[in-house]
Amino acid sequence: MPTGLLSAITTPLWSFSGKLRALKEPFIAPICPEKEESVADFARRRLGHEIYRYGINPLIGGIYAGEPERLSLRYAFPKLYALEQKYGGILRGSFAIMRAGRKSNVPKAEKQIISFKNGLAELPQLLVAALGEAVHSNVSISSIQKIGVGWRVDWNGKTNIYDEVLLTTPAHALDKLPLDESLQKALQPLLAIDYSPVSVLTVAFKRSDVAHPLDGFGVLVPEYEGRKILGVLFPASLFASRAPAGEVLLTVFVGGERQAGLAVPDTDTLLATVLPELNELFGTTGEPTFSHHRHWPRAIPQYNLGYGKMLAQMDAIEKKFVGLKLAGNYRDGISLSYCIEAAVSKEGHVTA
Ligand SMILES: Cc1cc2nc3c(=O)[nH]c(=O)nc-3n(C[C@H](O)[C@H](O)[C@H](O)COP(=O)(O)OP(=O)(O)OC[C@H]3O[C@@H](n4cnc5c(N)ncnc54)[C@H](O)[C@@H]3O)c2cc1C
């Protein structure tokens, strides 16, 4: 995938006519802001069928494990939506932002792909260490009730009074919480938020058993190619210490909205689906030296068409139940960085 304008022009990924069509992008008028458009319609309208099919479609499979015909551009990619609405198009907007960035004296933070040596759990563990005794984990909450201006939370047989309550479970778990009836009723519509199912299979091979150099981030699969996987990451090419010397690691994503039925909990079934695909794509031979499978029946919330109603409902609940906050990846964006940004930027949310 090209990562800049020059590589987008020179890449062999798209045909000459596909690139010419994409270059018309700055001259395509924005649609009226009231019309909600799917990501697929937006991409085809502004960039053409080919860039959609071999650019945007596989990206959506990789980011949302979602269905581009149903994902709402406005809510799933608000920055892209704003580029069209504010500047008239993606290219015009990107150049305007670049020019403004050059003029401003604010140092630009360099974007990086980061990971944690011992897994994502390191982040909450560090937060817990920083907050010290204020954190109580592994407690069983029996009741959360609104009382006057505060909240009464009963846990481990004790009653505690708090100014605010922040709910950070996935939306589909909100009905599992011991909340009072009126709040539970208000939260009910959020249970309808779609989550895509994903199976993540991590397999290691001897380096000599993989023909491909694995010189990149990984692979995203366009739906049009009819494969049984969404994509593959090359963790050992991206980060140090991800595989023993002489071995390589492949993280394979299966299912999503595209092929929900393939995201199965059974590892042998998954291996039977995935290994032939890896053989075709990377020339893998022999058996994996290691495999690990994690099945996420409800992995990623889908900001589908009409998602504005869900967000409005969340705002209304917070207004009605003063001191209650809803946070998590179904609110302000699905990436971990958006979750963190939202948590630290909203007054009254996380203060650590
Ligand atoms: C397979 C996969 C790959 C991803 N890859 C990336 C990536 O490369 N980059 C990126 O930025 N993001 C990625 N994401 C997205 C990112 O991981 C999530 O969006 C982010 O972790 C969401 O944070 P959260 O706090 O909203 O939810 P979660 O991290 O899901 O936390 C919700 C918590 O609620 C708890 N919970 C659930 N039910 C209850 C209950 N009844 N009572 C109490 N607690 C409960 C859960 O145990 C969990 O700890 C990926 C997600 C998945 C599924």
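Order of listing sets the numbers, starting from 1, for every ligand and every atom in it. Every heavy atom of this structure was used, including side-chain atoms; hydrogens, water molecules and symmetry mates were not.
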**Request:** Look at Asp154 together with Arg152 and state whether they make a salt bridge at an N to O cut-off of under 4.0 Å.
**Result:** yes
**Prompt:** Does Arg53 make a cation-pi contact with Tyr224, if we ask for NZ or CZ under 6.0 Å from the ring centre and within 45° of the axis?
**Reply:** yes
**Request:** May I ask you to decide whether Lys325 forms a salt bridge with Glu164, counting only side-chain N to carboxylate O separations under 4.0 Å?
**Result:** yes
**Request:** Kindly indicate, with the supporting measurements, whether the criterion ring-ring contact (aromatic ring centres under 6.0 Å, His included) is fulfilled by Phe234 and Phe282.
**Result:** CA-CA 11 Å; Phe234 306 156; Phe282 309 120; 5.5 Å; yes
**Prompt:** Would you call Glu34-Arg74 a salt bridge at under 4.0 Å N-O?
**Reply:** no
Polar pairs, ligand 1 vs protein, N/O only, below 3.5 Å.
unit_1	atom_1	unit_2	atom_2	d
ligand 1	11 (O)	Leu336	N	2.7
ligand 1	19 (O)	Asn329	ND2	2.8
ligand 1	19 (O)	Ile334	O	2.5
ligand 1	26 (O)	Asn329	N	2.8

**Distance under 6.0 Å and angle within 45° of ring axis: Arg298 vs Trp296** = no
